[in-house]
Engineer: 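Got a structure for you, written out below as structure tokens; questions coming shortly.
Proteins come first, then strands; the chains are lettered A, B, ... in the order of their sequence lines, and each starts at number 1.
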Protein chains: 2
Amino acid sequence: MKHREFKDRLYEELGRVARAIDSPRRLELIDLLAQGERSVEDLAAEAMLSMANTSQHLQVLRGARLVEARKEGLRVYYRLAQAEVHGVARAVRGLAQARLAEVDHLVQTHLESRDELEPLPREELLRRIRGGRAVVIDVRPREEYRAGHIPGALSIPLGELDKRLSELPARKEIVAYCRGPYCVMAYEAVARLRARGRRARRLTDGFPEWRASGLPVQTSAQPR
Amino acid sequence: MKHREFKDRLYEELGRVARAIDSPRRLELIDLLAQGERSVEDLAAEAMLSMANTSQHLQVLRGARLVEARKEGLRVYYRLAQAEVHGVARAVRGLAQARLAEVDHLVQTHLESRDELEPLPREELLRRIRGGRAVVIDVRPREEYRAGHIPGALSIPLGELDKRLSELPARKEIVAYCRGPYCVMAYEAVARLRARGRRARRLTDGFPEWRASGLPVQTSAQPR
DNA sequence: CCGATATTCAACTACTCAATTGATTAGTTG
DNA sequence: CAACTAATCAATTGAGTAGTTGAATATCGG
């Protein structure tokens with residue numbers, strides 16, 4: 001094989017992986033899969049795509065070996081083939097935010113009062129957990145909580161927050177987290193808690209970043 | 001702005017960056033730019049693309065703010081906007097190699113006797129340099145050497161290796177490096193040196209990885 | 001100002017990709 | 001086995017993209 005040919009084929013293969021993550025939809029699917037294993041139906045609903053379309057995107061990802069599938073009964077459950085897949089997605093996100101003023105502007109204006117919500121660094125939260133002085137709530141859907149969550153966190157999906165307020169201590173500061181830096185759920189939760197007179201902050205980033213940085217993770221007994 | 005709309009626009013922006021690096025050609029250009037600033041003409045020649053085509057790819061990269069341009073006289077010099085751009089490209093490469101058997105197979109078979117050439121880790125080379133007991137040659141084109149190289153390395157472009165053999169000590173082990181893990185020049189250099197009875201090894205990876213890991217870099221006085 | 005050179009632009013072709021639709025497969029439940 | 005469901009497949013549409021070609025722009029040396 002000549003150098004030219006080798007080089008072309010090599011970059012073509014690299015492009016195959018890169019192309020798998022180049023689509024906005026697929027990036028979103030990867031973000032969702034970073035929360036844990038999900039069925040196609042589930043993913044389609046979350047990403048607001050048609051089943052067929054979702055399935056096709058997943059095929060592309062599978063073709064690049066970025067996700068793996070497991071069939072159980074009627075459903076097919078997809079998961080990331082390895083943690084680095086989300087790592088690359090995160091790298092792209094970081095680069096995008098640094099490079100594209102548009103992204104930063106979008107995030108700033110939509111997730112407004114970004115700084116007012118006083119994001120809490122991971123390390124600080126870990127210290128509080130270890131010291132037993134943290135009230136942490138996971139506002140993601142229960143399924144995502146089951147697949148893995150911060151140790152000691154309560155699962156209170158955003159929709160249940162209002163009616164389960166009483167479960168939370170009145171005086172202590174509550175820390176909310178969700179899927180990641182661009183996920184709106186924790187912002188929303190903090191805003192609502194404050195509206196009810198509670199002290200609340202959100203964790204910087206979300207669960208996938210927590211796990212990626214090697215911090216301890218708790219898993220619920222799962223109906224595998 | 002509604003959540004749906006926000007989410008769509010966000011992922012669309014992310015896709016813009018991702019799409020910029022999804023093309024095999026552009027990945028190759030990024031690899032070349034990781035060596036240092038280059039003119040369009042130069043890049044076109046290296047990547048074996050037409051001028052117009054190269055220019056267009058560079059426009060795309062510039063649109064995503066991944067590269068910056070500087071005009072000097074007739075020429076336009078492009079460079080990476082920040083080191084992380086190559087970082088993402090490296091991440092993609094790593095993922096591709098881990099995920100696609102094809103890439104591994106390509107690299108294994110083409111850069112054959114991969115292990116026989118005994119790649120030398122960066123840290124070990126650094127120790128030798130500090131101890132003054134390393135003979136390092138940079139086999140990239142002279143221009144890339146000028147833009148930055150490993151301290152103390154001799155610039156011996158691959159084409160000149162044969163006629164400049166006498167400059168190299170006969171007994172000491174020679175360490176060759178080039179552009180990166182998929183660059184064939186160092187392999188070729190080591191093979192030729194061994195054919196002449198010299199002891200030679202290659203550095204794992206290449207110069208961009210050396211720089212990315214924060215090790216010292218030397219720059220020649222440059223005709224900026 | 002002329003000719004030469006590096007780069008970009010504009011227009012076009014061939015190709016690839018996202019998404020939709022309707023049909024099909026595989027597995028479950030009554 | 002029939003009815004139902006989750007997922008995939010096949011075929012089609014429209015949009016976007018890569019690459020080529022030739023013209024336009026900008027800059028330099030004489």
Engineer: So for the helix from dC1(C)-dG30(D) to dG30(C)-dC1(D), with five pairs setting each end axis, what is the inter-axis angle to 10°?
Structural biologist: 30°
Engineer: Applying ring-ring contact (aromatic ring centres under 6.0 Å, His included), can you list everything that pairs with His57(B), at least two apart in sequence or on another chain?
Structural biologist: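 Here no residue qualifies.
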Engineer: Mind checking what makes salt bridge (charged side-chain N to carboxylate O under 4.0 Å, His left out) contact with Arg140(B), not counting sequence neighbours?
Structural biologist: Asp138(B)
Engineer: If the condition is salt bridge (charged side-chain N to carboxylate O under 4.0 Å, His left out), which residues does Glu160(A) pass it with, not counting sequence neighbours?
Structural biologist: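 Listed in chain order: Arg142(A), Arg164(A).
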Engineer: With Glu41(A), which residues qualify under salt bridge (charged side-chain N to carboxylate O under 4.0 Å, His left out), at least two apart?
Structural biologist: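 For Glu41(A) the salt bridge (charged side-chain N to carboxylate O under 4.0 Å, His left out) partners, ignoring immediate neighbours, are Arg75(A).
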Engineer: How would you list, by chain and number, every residue that makes a side chain to side chain contact (heavy atoms under 4.5 Å, CB included) with Arg19(B), sequence neighbours excluded?
Structural biologist: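 Expected list: Asp22(A), Pro24(A), Asp22(B).
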Engineer: Using the 3.5 Å cut-off, write out each protein N or O paired with an N or O of nucleotides 1-8 of chain C and the distance between them.
Structural biologist:
{"from": "dA6(C)", "atom 1": "OP1", "to": "Glu41(B)", "atom 2": "OE1", "distance (Å)": "3.4"}
{"from": "dA6(C)", "atom 1": "OP1", "to": "Glu41(B)", "atom 2": "OE2", "distance (Å)": "2.9"}
{"from": "dT7(C)", "atom 1": "OP1", "to": "Val40(B)", "atom 2": "N", "distance (Å)": "3.2"}
{"from": "dT7(C)", "atom 1": "OP1", "to": "Val76(B)", "atom 2": "N", "distance (Å)": "3.3"}
{"from": "dT7(C)", "atom 1": "OP2", "to": "Glu41(B)", "atom 2": "N", "distance (Å)": "2.6"}
{"from": "dT8(C)", "atom 1": "OP1", "to": "Tyr78(B)", "atom 2": "OH", "distance (Å)": "2.8"}
{"from": "dT8(C)", "atom 1": "OP2", "to": "Ser55(B)", "atom 2": "OG", "distance (Å)": "2.7"}
{"from": "dT8(C)", "atom 1": "O5'", "to": "Ser55(B)", "atom 2": "OG", "distance (Å)": "3.4"}

Engineer: Can you sort out the partners of Glu46(B) under salt bridge (charged side-chain N to carboxylate O under 4.0 Å, His left out), two or more places apart, ordered by chain and number?
Structural biologist: Arg38(B), Arg179(B)
Engineer: Can you list everything that forms a side chain to side chain contact (heavy atoms under 4.5 Å, CB included) with Ala189(B)? Sequence neighbours excluded, please.
Structural biologist: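 Applying side chain to side chain contact (heavy atoms under 4.5 Å, CB included) to Ala189(B) gives Val139(B), Leu158(B), Leu161(B), Ala176(B).
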Engineer: Would you grab the first and last nucleotide of DNA chain D (5' to 3') that comes under 4.0 Å of any non-hydrogen atom in chain B?
Structural biologist: dT17(D) to dC28(D)
Engineer: Judged by modelled atom types alone, do Gln218(B) and Tyr145(B) share a side-chain donor-acceptor pair under 3.5 Å?
Structural biologist: no
Engineer: Leu74(B): which residues meet the side chain to side chain contact (heavy atoms under 4.5 Å, CB included) condition with it, sequence neighbours left out?
Structural biologist: none
Engineer: Just jot down the side chain to side chain contact (heavy atoms under 4.5 Å, CB included) partners of Thr54(A), sequence neighbours excluded, or say none.
Structural biologist: Leu29(A), Val40(A), Leu43(A), Ala44(A), Leu49(A), Leu58(A)
